[in-house]
Amino acid sequence: MLALQTWVLRSGGRTVLVDTGVGNGRERPDSPLFHHWQGDFLGALARAGVRPEDVDVVVNTHIHSDHVGWNTRDADGEWVPTFPNARYLLPAADDFHYGPDNAYAKGARRDDRLLHEDSVAPIHRAGQSVLWDGSYRIDEHLTLESAPGHTPGSSVLRLTSGTDRAVFVGDLLHSPVQILDPSCNSGFCLDAEQAADSRRRILERAATERELVVPAHFAGAGLVEVRREGSGFALAPSTVS
Ligand SMILES: [Zn+2]
């Protein structure tokens with residue numbers, strides 16, 4: 001069972017969204033679950049106390065259709081940024097891979113062109129995108145860093161606040177099984193070996209530095225603590241359930 005999560009962070013007086021779900025009314029012929037999806041994302045956001053104009057920073061951990069959808073909304077047939085005052089942080093490697101200069105991932109899937117056209121290109125046209133590579137410091141508490149493999153630009157967001165530590169790992173993990181055996185990839189990881197390397201590296205640091213691990217798709221509480229065990233890792237006993 002998977003959840004699609006958007007995390008809302010408050011940092012230094014700013015409101016930061018991590019990933020933006022599927023979006024409404026998209027053409028996604030390769031993804032029947034997401035095709036013409038209609039959900040109450042903005043209502044849920046309002047109930048969490050966030051209006052679109054309040055959002056200062058949007059983080060897309062990577063450019064897949066379930067992570068960039070609400071970047072934009074339909075305004076009388078035109079896709080426009082949902083968050084008019086936000087800068088959108090996009091991994092440059094994914095923008096290239098799924099963008100027109102690489103023929104929309106070389107035309108492997110129609111959805112890749114469609115999602116770039118309706119959820120990414122309008123952000124560029126509005127002048128609200130920031131492309132980054134390697135690492136990107138948002139403020140004293142939040143830093144993005146590359147963790148490629150799932151996609152070429154996949155990234156994680158590290159949070160430090162006082163003695164608290166967390167890492168938002170996007171699609172580095174889809175299932176707790178991948179904590180027990182980090183060599184297990186999802187069917188969506190483009191570079192299997194690199195994805196497994198990134199997963200192991202990020203989990204090792206999370207175990208060492210006691211970072212709370214926050215994936216994009218875990219159901220329930222949606223976050224876990226990990227510790228080393230054997231050649232892999234285990235869910236720490238204090239894991240939130
Ligand atoms: Zn995903």
Side-chain angles (χ1 to χ4, degrees), residues 1-9 16-39 41 44-45 58-72 82 88-95 97-99 104-105 108-120 123 144-158 166-179 182 184-192 194-199 202-203 206 212-224:
M1 188 175 293
L2 295 181
L4 303 185
Q5 310 271 23
T6 291
W7 300 97
V8 179
L9 310 180
V16 180
L17 298 190
V18 183
D19 288 328
T20 62
V22 173
N24 277 8
R26 311 291 148 138
E27 295 292 327
R28 297 287 184 264
D30 298 329
S31 313
L33 270 177
F34 300 157
H35 192 51
H36 296 169
W37 173 282
Q38 292 291 333
F41 179 89
L45 208 53
V58 173
V59 169
N60 295 134
T61 58
H62 61 293
I63 297 181
H64 266 168
S65 58
D66 53 327
H67 295 259
V68 300
W70 275 104
N71 281 6
T72 56
T82 306
Y88 288 68
L89 306 181
L90 292 153
D94 273 6
D95 186 60
H97 182 76
Y98 292 109
Y104 304 103
R109 298 167 82 243
R110 283 169 297 181
D111 283 15
D112 292 334
R113 176 179 61 78
L114 290 166
L115 78 89
H116 197 278
E117 286 179 350
D118 64 39
S119 302
V120 177
I123 306 302
L144 279 158
E145 64 180 61
S146 290
H150 178 67
T151 63
S154 278
S155 64
V156 301
L157 176 65
R158 299 185 77 189
V167 58
F168 296 81
V169 300
D171 281 7
L172 214 67
L173 298 168
H174 285 80
S175 161
V177 167
Q178 296 170 292
I179 295 170
C184 287
N185 286 308
S186 77
F188 307 105
C189 294
L190 293 182
D191 185 326
Q194 194 181 39
D197 286 349
S198 288
R199 186 175 305 112
I202 297 299
L203 287 174
L212 194 59
V213 174
V214 192
H217 293 303
F218 278 20
L223 37 85
V224 294

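In each ligand, atom 1 is the first atom listed, and ligand 1 is the first ligand listed. As the structure is a prediction and not an experimental result, all values here were calculated from the model.
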How many angstroms lie between atom NE2 of H150 and atom NE2 of H64, to the nearest 0.5 angstrom?
4.5 Å
When you measure from the Zn ion (ligand 1) to each N, O or S atom of H67, which atom gives the shortest distance?
NE2
Strictly under 2.8 Å, is any N, O or S atom of H62 next to the Zn ion (ligand 1)?
no
In D171, which N, O or S atom comes closest to the Zn ion (ligand 1)?
OD2
Answer yes or no: is there a donor N or O on one side and an acceptor on the other, between the side chain of R199 and the main chain of L172, under 3.5 Å?
yes
Using a cut-off of strictly less than 2.8 Å, determine whether H217 has an N/O/S atom near the Zn ion (ligand 1).
yes
Which distance, rounded to the nearest 0.5 Å, do you find between the CD1 of I202 and the CZ of F168?
14.0 Å
Tell me, please, if D19 has any N/O/S atom, main chain or side chain, under 2.8 Å from the Zn ion (ligand 1)?
no
Suppose we only allow N, O or S atoms; which atom of D66 ends up nearest to the Zn ion (ligand 1)?
OD2
Side-chain (T151) to main-chain (S154) donor-acceptor, under 3.5 angstrom:
yes
Taking atom types as modelled, is there a side-chain donor on N60 or N71 under 3.5 Å from an acceptor on the other?
yes
